[in-house]
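This report refers to the structure that appears directly beneath it.
In what follows, chains are A, B, ... by sequence order, proteins preceding strands, each numbered from 1.
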Amino acid sequence: MDIERKWRDRWRDAGIFQADPDDREKIFLTVAYPYPSGAMHIGHGRTYTVPDVYARFKRMQGYNVLFPMAWHVTGAPVIGIARRIQRKDPWTLKIYREVHRVPEDELERFSDPEYIVEYFSREYRSVMEDMGYSIDWRREFKTTDPTYSRFIQWQIRKLRDLGLVRKGAHPVKYCPECENPVGDHDLLEGEGVAINQLTLLKFKLGDSYLVAATFRPETIYGATNLWLNPDEDYVRVETGGEEWIISRAAVDNLSHQKLDLKVSGDVNPGDLIGMCVENPVTGQEHPILPASFVDPEYATGVVFSVPAHAPADFIALEDLRTDHELLERYGLEDVVADIEPVNVIAVDGYGEFPAAEVIEKFGVRNQEDPRLEDATGELYKIEHARGVMSSHIPVYGGMKVSEAREVIADELKDQGLADEMYEFAERPVICRCGGRCVVRVMEDQWFMKYSDDAWKDLAHRCLDGMKIIPEEVRANFEYYIDWLNDWACSRRIGLGTRLPWDERWIIEPLTDSTIYMAYYTIAHRLREMDAGEMDDEFFDAIFLDDSGTFEDLREEFRYWYPLDWRLSAKDLIGNHLTFHIFHHSAIFPESGWPRGAVVFGMGLLEGNKMSSSKGNVILLRDAIEKHGADVVRLFLMSSAEPWQDFDWRESEVIGTRRRIEWFREFGERVSGILDGRPVLSEVTPAEPESFIGRWMMGQLNQRIREATRALESFQTRKAVQEALYLLKKDVDHYLKRVEGRVDDEVKSVLANVLHAWIRLMAPFIPYTAEEMWERYGGEGFVAEAPWPDFSDDAESRDVQVAEEMVQNTVRDIQEIMKILGSTPERVHIYTSPKWKWDVLRVAAEVGKLDMGSIMGRVSAEGIHDNMKEVAEFVRRIIRDLGKSEVTVIDEYSVLMDASDYIESEVGARVVIHSKPDYDPENKAVNAVPLKPAIYLE
RNA sequence: GCGGGGGUGCCCGAGCUGGCCAAAGGGGACAGGCUUAGGACCUGUUGGCGUAGGCCUACCAGGGUUCGAAUCCCUGCCCCCGCACCA
């Protein structure tokens, strides 16, 4: 670790990652600013290492690279955390002590949310520096800084002036005990539970309404009766100028959604049973019937019955018909006898009463049968997906259920015949404070109008001009731009910036983080200024106008904008990344729109999802201490491409560590071969004459080229494969091929390899590379050294083919020896006769794999007299080679050049024949181009 | 349900622009060498068969196109991610 500290100090002292405008071409990239509510884990490590590798690579290519960082402290989770710590919640304390490793004296201060984010911001920065990230820290800020708040307020006023902000209501999970909205982290039970919207249908009874909630308002045309639970309490309530009858248990929920709701009296449900209500749509009279299955806590405690399409209603009616005691108690014999199901939805595969059929299909016997739930689920799904309103339904007959549902609900609401409410998808939902949560509708909420068509058009145009990596996720962006609806952009609690025109509200995290990239360009300059002076004209002058005021700030912004790359997690495409596009396209002219985005996958730990709350996580600091920053970096960059999920496996991390050690040893080995350390600043290009020397330099060029291309498109895994693993394989092979030879050519080749290789590895393992660069006589920082040169031309194919032939020949010999089970004294190798090469050329020229055509040409050119041999060879071409292009080489001279190597590999004398002058077992005829014949004796 | 991504050899994971692909690379396992207290390092093997470099089988399953398919086409099965107050 001393090496790591040494280079961190030197980089910092030299200020080499600080970027200011100059004559160079620029690259500006940003990655999500972290929400510092806990310690960094290895998943964060990958997120922040990818941009660092790219930034280092581009600097070495000569670009002026800006890679900044800040802290997104906006939001409510730290409020909840602070509350829980204040309350001494044992689980929360345990998580912060044991998972996040917060010292006890610090933990005592965690009842202050501002302190939590300050603590973890420091912690994050420290770990980021340990990782060697080449960040320009001068531009560091946090989202509660007054200057940043002024920037966000400018932004949101701009959007309102453009008509892209509106007011409305919004449902949230709410704890009445805390008197605040709660997030999933705040829940003891019910984490991840969704909020469903239901339509309330008003069935008139006298001057009141029995209000029944449903997901399926289109089925009201088939209603036959209402269900009340006679064993539960019901009340009259007043809301919206009407009197409703609902269950008493429903009052708690509903009063958080209808804020004028008041209880005005009790109702005995038994008194209502047998009475009739009026269907708000058809005008028909429906009887009220008793049903113990009605849950008073769910929605309103009033249910309407559609026996044709709801298995539970169908079977409840059947059960009621046979329950004579109940019928007699309420005098319902004649009423129930007259009830017939009414079909309202036609769906393929089912008849008039699908509910009855699905009950039979599932073998449901009664209301208590557990199969009833499955039967219901299946029918609801099919009717929604494939159902069509029956033809007798006025107006909506023939319409798809999936379309009719929303249309009918909206129509009924417009006419005052329906209302809406929200319910949790599952129960119970319990706050960590112990309180039972409800769905509450927050009034006067503010929304971003992502539904605005013109804005969507702008967003699409912006996206069209962007590079998306990987390209296949562009479809996700296109989809989400169209899919997004209005977004609640303000909150009642949390850290952040207050809405400028209504200070009760705080701008929420996904809305205050859409154009902060622009803020980075000048953040270090604002530090010396007073936030109070930053009005809208101030920010206009920097980001939009050419008024000439604040010209220096304007010029710095203009140098760095547009943003070249935005990097973020792929699960944020549907919100943050798409919002980023929306907001840039609304605020900035087209010249300021972002140029590209790269998305990340998740991190796994030994095949399992990581989770801080479950303690299944490796802290980045721990990984650095155990393995060193370079090992962590290299592993994260080599185990998967950025957009894929990666899996932290300790055994492979150790393998990566061994590979870095090997790389360092390679430098020492080259020093040994060169009789002293090379002086990299004096290395001149190698110009080898031997086949193998040319092969090595060709491979080096190829690896540099492929790694460079990979990095250009953020393929960090492919880049490491080429730059380290495949180049190592090439170098291993070269060393083996030249074993025992120490001449000027070998020395020159190895010095060139080392010179290029250290630079090639520098973005991935900067500490190791700096140390080796210095040790072997490199000038200055390797972080500032030029990226290795390479030629775009393809390598000499003949050199590669020649080396492959040598390897294959060795392998063939060894294979034969293995099969024969003995070692020969002498190995004879026979190269292919000229006529076979000529036949190959003809086959390529003919252009199709046709025996007759090839034979005809061979004959016409008089290539070989023995047409039988030719036919056999052509058959083999067709079978083995097809239309592949074949590179012509001088097999004999290649093999002669490598004969020492072949002998040492097979442990026998090797004789190479260009003609079969000694061939006791007639093996020479087996030779085909690039696959010499072999005879062992 | 909507949108997106995937299924490869013991595990992870390349390959998909049809042709040395029994399939890159890494890990694990087995064997040997070196050094030994160990670790590290090096070499070989890692589907079956084979006394001549070869043959057979294999890339979720079935079918098709092709001289030739892990790769292209069709059908089916299974898995992962996102889908609105975490950010």
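- Comparing the C1' positions of B:rG28 and B:rC10 gives an interatomic distance of 8 Å, to the nearest angstrom.
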Measure all distances between protein nitrogen or oxygen atoms and nitrogen or oxygen atoms of nucleotides 49-52 of chain B, and list the pairs falling under 3.5 Å.
| unit_1 | atom_1 | unit_2 | atom_2 | d |
| --- | --- | --- | --- | --- |
| B:rG50 | O6 | A:Glu815 | OE2 | 3.2 |
| B:rG50 | N1 | A:Glu815 | OE2 | 3.2 |
| B:rU51 | O4' | A:Ile819 | O | 3.4 |
| B:rA52 | N6 | A:Leu936 | N | 3.4 |
| B:rA52 | N1 | A:Ile934 | O | 3.0 |
| B:rA52 | N1 | A:Leu936 | N | 3.3 |

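- Using a 3.5 Å distance cut-off with no hydrogens or angles, the side chains of A:Glu650 and A:His627 do pair a donor with an acceptor.
- Taking the C1' atom of each, B:rA14 and B:rG26 are spaced 11 Å apart, rounded to whole Å.
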* To do: Take A:Gln721 and A:Ser638 through the side-chain hydrogen bond (donor to acceptor under 3.5 Å, both in side chains) test and state the conclusion after the steps.
  => CA-CA 7 Å; A:Gln721 286 291 100; A:Ser638 65; over 6 Å; no

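- A donor-acceptor pair under 3.5 Å is absent between the side-chain atoms of A:Glu825 and the main chain of A:Glu937, judged by distance alone.
- Comparing A:Gln644 and A:Asp571 against RNA chain B, the residue whose closest nucleotide sits nearer the 5' end is A:Gln644.
- Nucleotides B:rC79 and B:rC60 place their C1' atoms 11 Å apart, quoted to the nearest Å.
- A side-chain N or O of A:Thr74 and one of A:Asp512 form a donor-acceptor pair less than 3.5 Å apart.
- Among the heavy atoms of the strands lying under 4.0 Å from A:Gly183 are primed sugar atoms or P, OP1, OP2 only; no base atom is included.
- Residue A:Leu572 is classed as a base contact, given a heavy-atom separation below 4.0 Å to a base.
- As the counterpart of B:rC10, B:rG27 is assigned, both hydrogen-bonding distances of the Watson-Crick or G-U wobble pattern falling under 3.5 Å.
- Comparing B:rC30 with B:rC77, their P atoms are spaced 42 Å from each other, to the whole Å.
- Figure legend. B:rG82 is base-paired to B:rC2; pairs are counted as Watson-Crick or G-U wobble with both atom distances under 3.5 Å.
- Salt-bridge annotation for A:Asp732 and A:Lys728: present, with a side-chain N of the basic residue lying under 4.0 Å from a carboxylate O of the acidic one.
- With both ends at atom P, the span from B:rU43 to B:rG63 equals 44 Å, rounded to whole Å.
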Show me the protein contacts with nucleotides 1-3 of chain B, counting only N or O atoms at under 3.5 Å.
| unit_1 | atom_1 | unit_2 | atom_2 | d |
| --- | --- | --- | --- | --- |
| B:rC2 | O2' | A:Tyr479 | OH | 3.0 |

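- The aromatic ring centroids of A:Tyr35 and A:Phe120 lie 6.0 Å or more from each other.
- Considering all non-hydrogen atoms of both residues, A:Gly494 and A:Ile79 come closest at CA-CG1, 3.7 Å.
- Looking at A:Ile573 and A:Tyr479, their side chains never come closer than 4.5 Å, going by heavy atoms from C-beta outward.
- Nucleotides B:rU66 and B:rA52 are separated by 37 Å at their P atoms, to the nearest Å.
- Side-chain atoms of A:Arg649 stay outside donor-acceptor range of the base of B:rC12, with no qualifying N/O pair under 3.5 Å.
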* Asked: How would nucleotides 22-35 of chain B be written as a contact map, 5' to 3', with B for base contact, S for sugar-phosphate-only contact and - for no contact, using protein heavy atoms under 4.0 Å?
  -> --BSBSS-------

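- Using a 3.5 Å distance cut-off with no hydrogens or angles, the side chains of A:Gln800 and A:Glu804 do not pair a donor with an acceptor.
- Using a 4.0 Å heavy-atom criterion, one finds that A:Asp486 contacts the bases of the nucleic acid, with or without backbone contacts as well.
- In summary, the side chains of A:His733 and A:Gln699 do not present any donor paired with an acceptor at a separation below 3.5 Å, with no hydrogens or angles considered.
- Across all strands, A:Ala488 comes closer than 4.0 Å to no nucleic acid atom at all (heavy-atom distances).
- The aromatic rings of A:His913 and A:Tyr830 sit parallel to each other, their planes meeting at less than 30°, with 60° as the upper class boundary.
- Nucleotides B:rG7 and B:rG13 have their C1' atoms positioned 13 Å apart, rounded to a whole Å.
- Using a 4.0 Å heavy-atom distance criterion, A:Pro36 is classed as making no nucleic acid contact.
- Nearest heavy-atom pair across A:Pro171 and A:Tyr422 is CG-CE2, 3.5 Å.
- Under the Watson-Crick or G-U wobble criterion, with both distances below 3.5 Å, B:rC20 has no partner in any strand shown.
- Going from the C1' atom of B:rA69 to that of B:rG15 covers 13 Å, rounded to whole Å.
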